[in-house]
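I have placed the structure first, in the form of structure tokens, so that the comments after it can refer back to it.
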Amino acid sequence: MKIKNILLASFAMASSIMNAQEEIIKESELPASAVTFLATNFKNNPVRTVVKDTDMRKVTFEVKLTDGTEVEFNQKGEWKEVDGDKKPIPTAFIPKTILDYVKTKYPNEQITHIDKGLRDYDVDLTNGLDLEFDLNGKFLRIDK
């Protein structure tokens, strides 16, 4: 019975991997809200590449900008992650409570990465700290 379950799990994983598909698309093929997000927050940082990643359960869009910043969007065009590759990122889209916390506690630091998960925000600062906030922007902890 165990071998049968292992084989079924392996087949399901292999099937999922085989069904995953990445393709390079044009910026204009992004959902409208993603195009607006990029134009609003990265107007001086043009798009280099856009990859549409499709698997059986979801579609995501991975956008790489000319300065190396990467922005990931879900199928609806809502941002999921912005990674400045250790460089500060624009902050107009980040919840005010998070911005206020960082400004108060770390006034000499800037945000270089933010990831919006199902339960929290993960925020990286220029000093290397990794902060975690709930979805309401309440500080939870420093991740190690």
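Computed from a predicted model, the values in this text were never measured in an experiment.
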Which distance, rounded to the nearest 0.5 Å, do you find between the [atom1] of [X] and the [atom2] of [Y]?
X      : Y      : atom1 : atom2 : value
Ser33  : Phe73  : OG    : CZ    : 7.5 Å
Asp115 : Asp120 : CG    : CG    : 8.0 Å
Thr54  : Gln75  : OG1   : CD    : 8.0 Å
Thr49  : Glu62  : OG1   : CD    : 9.0 Å

Note to self: Counting only heavy atoms from other residues, nucleotides and ligands, does the tally under 6.0 Å from NZ of Lys87 exceed 12?
What the structure shows: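 Yes, because the 6.0 Å sphere around NZ of Lys87 holds more than 12 heavy atoms from other groups.
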Practice task
Indicate whether any N or O donor in one side chain lies under 3.5 Å from an N or O acceptor in the other, for Thr69 and Asp83.
Solution key: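 No donor-acceptor contact under 3.5 Å links the two side chains.
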With side chain to side chain contact (heavy atoms under 4.5 Å, CB included) as the criterion, how do Val123 and Ile98 come out once you've worked through the C-alpha distance, each side chain's angles and the decisive distance to 0.1 Å? CA-CA 9 Å; Val123 176; Ile98 293 174; 4.1 Å; yes
_Within residues 104-130 or reaching into it, pairs that qualify as ring pair (Phe, Tyr, Trp, His ring centres under 6.0 Å) - sequence neighbours excluded_ =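 Residue pairs passing ring pair (Phe, Tyr, Trp, His ring centres under 6.0 Å), neighbours aside: none found.
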task = Show your working on side chain to side chain donor-acceptor pair (under 3.5 Å) between Thr66 and Asn45 and close with a plain yes or no.
result = CA-CA 6 Å; Thr66 55; Asn45 193 357; 3.0 Å; yes
[X] to [Y] - nearest heavy-atom pair and separation:
X     : Y     : result
Asp85 : Gly68 : CB-O, 4.3 Å
Lys52 : Val59 : CE-CG1, 3.8 Å
Asn74 : Phe61 : O-CD1, 3.6 Å

- Task: Kindly indicate whether the side chain of Asp130, heavy atoms from C-beta on, has any atom under 4.5 Å from the side chain of Ile142.
- Result: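 Of all side-chain heavy-atom pairs linking Ile142 with Asp130, none is under 4.5 Å.
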Are any of the side-chain heavy atoms of Lys80 and Lys116 separated by less than 4.5 Å?
->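 With C-beta onward as the side chain, the pair stays apart.
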Worksheet item: Where does the angle between the aromatic ring planes of Tyr101 and Phe139 fall among parallel (under 30°), tilted (30 to 60°) and perpendicular (over 60°)?
Response: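 Judged by the thresholds at 30° and 60°, the geometry between Tyr101 and Phe139 is parallel.
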### Charged N-O contact under 4.0 Å between Asp100 and Lys96
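Result for this pair is yes, salt bridge flagged.
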Practice problem: Go through the steps to decide whether Thr126 and Gln110 satisfy the test side chain to side chain donor-acceptor pair (under 3.5 Å), and finish with yes or no. | Solution: CA-CA 5 Å; Thr126 47; Gln110 295 179 293; 5.5 Å; no
